[in-house]
Amino acid sequence: MTLSKQQIIALKEQIKAANKITIIPHRNVDGDAMGSTLGLYHVLKQINTNCVVLIPNEIPDYLKWLPGTDSTLIYEGTNVGEAIKRLRQSDLIFTLDFNAFHRTGEQMESILKTIESTFVMVDHHEKPENYATYTFSSTEYGSTCQMIYDLIEQMDYQNLITKEAATCIYTGIATDSGGFRFPRTTGRTHRIVADLIDKGVDNTQIYINLYDNSNYNRLQLLGRALQNMRILPEYNTSYISLSQEDLNEFHYEKGDTEGIVNYGLTIKDIDFTAFFTELKEENIIKISFRSQGTFDVNQFARKHFNGGGHVNAAGGKSFDTLEETINKFIAILATEK
Ligand SMILES: [Mn+2]
C-alpha cells in the first residue's frame with residue numbers, strides 16, 4: 001500500500017497544522033527502527049518544532065550514538081506519565097518499522113488502543129493492521145529507512161535532509177540490508193545511499209560505531225555459540241543454541257547475541273538456520289530464523305513458534321524447555337523441509 005498524491009498533500013497539511021507530532025518505533029529497537037524514527041524526526045522538526053520520538057523501552061548501547069538520541073522519550077520505566085500525556089495530546093502519530101500495536105509491548109499497546117489521533121504507518125513487514133489513516137506498507141522494501149527516504153521525497157522535503165537525518169536513514173538501510181547484501185537491496189537502494197553520503201554521511205564511522213564495539217565476554221560467548229552449532233545436512237539446515245548457563249558463564253547482557261544467528265547460514269549448502277536462546281527470567285526460548293532463497297521463515301515462525309517477520313528473517317518463541325524446543329524444531333523439519 002502506497003500513499004496517493006492526494007494523501008501526500010493531506011499529510012503535509014496535517015504535519016504543518018499539528019500541535020504535537022509523536023514518532024514511535026517498535027519495542028527493542030534495532031538500527032532500522034531507530035534510524036527511521038530519528039531520520040524522520042530531524043526532517044519534521046524543521047517544519048513543526050513540536051515533534052518527539054517516543055521509544056517503548058531502553059535503547060541498546062550500539063545505537064545510542066545516533067544523532068537525536070538524547071532528545072527521545074523512553075516509555076517503559078521512566079516517564080510513563082509524561083509519555084501517556086504526550087500521546088493523548090498528539091494529533092499526528094507516526095508508527096515506523098512495525099504494523100501492529102502489540103509490537104510496542106503490552107504497556108504501550110494498551111494506551112495506543114485508546115488514542116484517537118491520526119496515525120501514519122510506514123513499515124515493511126507482512127500483515128499490516130488497519131489502525132492508520134495513512135498506510136505506507138510494502139514488503140518490497142528492505143528497510144523502513146528506505147521508505148522514509150521515499151516518503152520525504154514524495155513530500156518534496158529532500159532539501160531538509162541534514163547530515164544528522166542522512167546519518168540516521170543510512171544506518172537503518174545498512175543494518176536491515178545486512179550491509180547492502182540482502183536480496184531487497186536494489187539499484188535504488190544504492191542511489192539513495194549515494195545521495196546520503198553526498199549529504200555528509202560518514203559511512204566508515206557508522207560501521208565502526210555499529211560493529212567495532214565488541215568485548216572479550218561477547219566474543220567468548222560467540223565462540224561457545226559456534227561450538228554449539230549443529231548441522232542437519234538432510235534438511236540443508238543448521239541451528240545454534242545457547243543455554244542460560246552459557247549466557248551466565250560469559251556475563252551475558254542484552255544485545256550480546258546480536259548477529260550470531262547469521263553464522264548458521266555461512267556454511268556451504270545451508271539455506272535455513274535457527275538460533276535458540278534460553279532466557280530463564282522471561283521463561284521462554286527466544287528463537288531467530290534466517291533463510292536464503294525461497295524457504296519462508298515468516299510462515300514457519302508464525303505456524304510453529306508464535307512469531308513472524310520476513311521471508312528470509314523472522315523471530316519466534318517457545319514456552320517448552322530448550323531441549324523440547326529443539327526436538328520439536330527437528331521434528332517439523334521432517335515434514336516441512
Ligand atoms: Mn526494519
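Bear in mind the structure is a predicted one, so any value in this text is a computation, not a measurement. Just so you know, ligand 1 is whichever comes first in the structure, and atom 1 is the first atom listed for that ligand. Numbers here are sequence positions counted from 1.
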**Item:** C145 near the Mn ion (ligand 1) via N/O/S, less than 2.8 Å
**Value:** no

Sidechain N-carboxylate O distance under 4.0 Å for E282, K317: no

The atom of D32 among N, O or S that is nearest the Mn ion (ligand 1) is OD2

* To do: Report yes or no: does D97 have an N/O/S atom closer than 2.8 Å to the Mn ion (ligand 1)?
  => yes

Practice task
Establish, yes or no, whether a centroid distance under 6.0 Å links the rings of Y141 and F136.
Solution key: yes

*State whether R188 and D150 are salt-bridged, where the test is any N-O pair (Lys NZ or Arg NE/NH1/NH2 against Asp/Glu carboxylate O) under 4.0 Å.*
yes

Between F119 and the options Y131, F98, F94, the ring-ring contact (aromatic ring centres under 6.0 Å, His included) test singles out Y131

message = For a distance under 2.8 Å, tell me if D176 has an N/O/S atom near the Mn ion (ligand 1).
response = yes

